Amino acid sequence: MGLAPRLGKVHAGVLAQPDVCDEATMVSIPQFLVDEDPDCFVVSSEGDCMDKVLSVGSDLVVSRKKQPRDNSIVMASVDGCDYIVRRLRMTANTMILSPESHNPDHEDIIIRRDSEHSLEIPGVNTWYQAPREME
């Protein structure tokens, strides 16, 4: 097993500021993930907007090195402050953050490439696990 910093909690539901942990909090993750990206980090997901593919409360390993592609599950910052975990869908003119949830209240977040809104993707989800498995 390798070690990666747990940076906090990120919402898999509504846009929200992430809860930030002390970067000294290290958790065990599979060594191959650290070998692939030594700068990877762990965040805990909250919310149910990805509950069809990620268990609520999962710990997510996020790679800063891996480039987001169409259909990647990403951690995204909308307009420079709010973070969310969603499936990224890209078209020629839009970037869409799609929920994969049993809850019908969650909707796509659609950002046109020519709009004043910005989308930053600090990382791509490469692994997830129940928190008890990462201790």
Side-chain angles (χ1 to χ4, degrees):
M1 297 296 281
L3 293 174
R6 180 190 308 272
L7 296 188
K9 295 180 181 178
V10 66
H11 210 277
V14 296
L15 289 163
Q17 284 286 347
D19 294 326
V20 178
C21 293
D22 178 355
E23 284 195 42
T25 304
M26 301 295 282
V27 293
S28 294
I29 64 171
Q31 182 63 47
F32 77 90
L33 296 168
V34 177
D35 293 343
E36 288 176 1
D37 181 1
D39 292 327
C40 68
F41 60 92
V42 176
V43 290
S44 298
S45 68
E46 294 184 318
D48 65 352
C49 84
M50 293 298 291
D51 66 359
K52 286 185 178 180
V53 292
L54 302 171
S55 301
V56 175
S58 293
D59 278 348
L60 312 177
V61 176
V62 178
S63 171
R64 299 176 205 250
K65 182 178 175 182
K66 190 169 185 174
Q67 292 298 311
R69 299 185 318 192
D70 186 44
N71 226 19
S72 295
I73 295 176
V74 299
M75 180 176 154
S77 172
V78 177
D79 292 337
C81 63
D82 297 326
Y83 287 84
I84 197 163
V85 174
R86 294 276 176 101
R87 172 102 40 206
L88 176 66
R89 311 243 190 238
M90 296 186 287
T91 69
N93 298 314
T94 59
M95 293 174 287
I96 304 164
L97 297 172
S98 296
E100 293 190 14
S101 178
H102 295 96
N103 181 344
D105 294 336
H106 296 296
E107 297 180 359
D108 288 344
I109 298 169
I110 301 169
I111 300 171
R112 293 194 48 81
R113 293 183 193 267
D114 61 357
S115 77
E116 72 276 359
H117 297 289
S118 66
L119 177 65
E120 175 197 358
I121 299 174
V124 175
N125 175 224
T126 57
W127 185 269
Y128 75 95
Q129 221 164 277
R132 69 182 175 277
E133 298 296 326
M134 298 182 88
E135 294 175 348

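Treat the numbers as computed from the prediction; the structure is a model and nothing was measured.
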### Summary
Sorted by chain and residue number, the side chain to side chain donor-acceptor pair (under 3.5 Å) partners of Ser63 (sequence neighbours excluded) come out as Asp37

### Message
Arg113: which residues meet the salt bridge (Lys or Arg N to Asp or Glu O under 4.0 Å) condition with it, sequence neighbours left out?
### Response
none

### Query
What's the spacing between Arg86 CZ and Ile121 CD1 if we round to 0.5 Å?
13.0 Å

### Query
Can you name the residues that form a side chain to side chain donor-acceptor pair (under 3.5 Å) with Asp79, not counting sequence neighbours?
His117

### Residues in side chain to side chain donor-acceptor pair (under 3.5 Å) contact with Thr91, at least two apart in sequence or another chain
Thr94

### Task
Apply the test side chain to side chain contact (heavy atoms under 4.5 Å, CB included) to residues Leu119 and Val78: give CA-CA distance (whole Å), side-chain angles for both, the deciding distance (0.1 Å), then the verdict.
CA-CA 5 Å; Leu119 177 65; Val78 177; 4.2 Å; yes

## Note on the structure
In short, ring-ring contact (aromatic ring centres under 6.0 Å, His included) pairs touching residues 42-72 with sequence neighbours left out are none

### Summary
Those residues at least two apart in sequence (or on a different chain) that pass side chain to side chain contact (heavy atoms under 4.5 Å, CB included) with Asp108 are Ile96, Ser98, Pro99, Ile110

### Query
So how far is it from Lys52 NZ to Asn103 CG, rounded to the nearest 0.5 Å?
10.5 Å

### Task
Nearest 0.5 Å please: distance from the CD1 atom of Ile109 over to the CD1 atom of Ile84.
4.0 Å

### Message
Test side chain to side chain contact (heavy atoms under 4.5 Å, CB included) on Glu100 and Met50; report intermediate values, then the result.
### Response
CA-CA 5 Å; Glu100 293 190 14; Met50 293 298 291; 4.3 Å; yes

### Query
Just how far is it from atom CD of Glu116 to atom CD1 of Ile111, taken to the nearest 0.5 Å?
10.5 Å

### Query
In chain order, what residues pass the side chain to side chain contact (heavy atoms under 4.5 Å, CB included) check against Pro122, with sequence neighbours excluded?
Met75, Tyr83, Glu120

### Partner set under salt bridge (Lys or Arg N to Asp or Glu O under 4.0 Å) for Glu36, not counting sequence neighbours
none

#### Entry: Short side-chain to backbone donor-acceptor contact, Ser101 and Asp48, under 3.5 Å
yes

### Task
Using a 4.5 Å cut-off on heavy atoms from C-beta on, say whether the side chain of Ile29 contacts that of Val34.
yes

### Query
Considering all heavy atoms of both residues, which atom of Arg6 and which atom of Ser44 are nearest to each other, and what is their separation?
NH1-OG, 2.9 Å

### Query
Linking I/L/V/M/F/W/Y whenever any side-chain heavy atoms sit under 4.5 Å apart, do Val56 and Tyr128 land together?
no

### Task
List the steps, then state whether side chain to side chain contact (heavy atoms under 4.5 Å, CB included) holds for Val62 with Cys40.
CA-CA 6 Å; Val62 178; Cys40 68; over 6 Å; no

## Note on the structure
For Asp35, the salt bridge (Lys or Arg N to Asp or Glu O under 4.0 Å) test, sequence neighbours excluded, returns none

### Task
Just jot down the side chain to side chain contact (heavy atoms under 4.5 Å, CB included) partners of Asn71, sequence neighbours excluded, or say none.
Arg87, Arg89

#### Entry: Pairs satisfying ring-ring contact (aromatic ring centres under 6.0 Å, His included), at least one member in residues 49-71, at least two apart
none

### Task
Starting at CG of Leu60, measure out to OG of Ser55 and round the result to the nearest 0.5 Å.
10.0 Å

### Task
Test Val74 against Leu97 for side chain to side chain contact (heavy atoms under 4.5 Å, CB included), laying out the working first.
CA-CA 9 Å; Val74 299; Leu97 297 172; 4.0 Å; yes

### Query
Does a side-chain heavy-atom distance below 4.5 Å link Gln67 with Val124?
no

### Task
Could you list all the ring-ring contact (aromatic ring centres under 6.0 Å, His included) pairs where at least one residue sits in residues 38-82, not counting sequence neighbours?
none

### Task
Please answer whether the main-chain N or O of Ser72 pairs with a side-chain N or O of Asp70 as donor and acceptor at a distance below 3.5 Å.
no

### Query
So how far is it from Leu54 CG to Ile73 CD1, rounded to the nearest 0.5 Å?
5.0 Å

### Message
For Val42, is there any backbone N or O sitting under 3.5 Å from a side-chain donor or acceptor partner on Asp59?
### Response
no

### Summary
Minimal heavy-atom distance between Met95 and Met90, with the atoms involved, is CG-CG, 4.3 Å

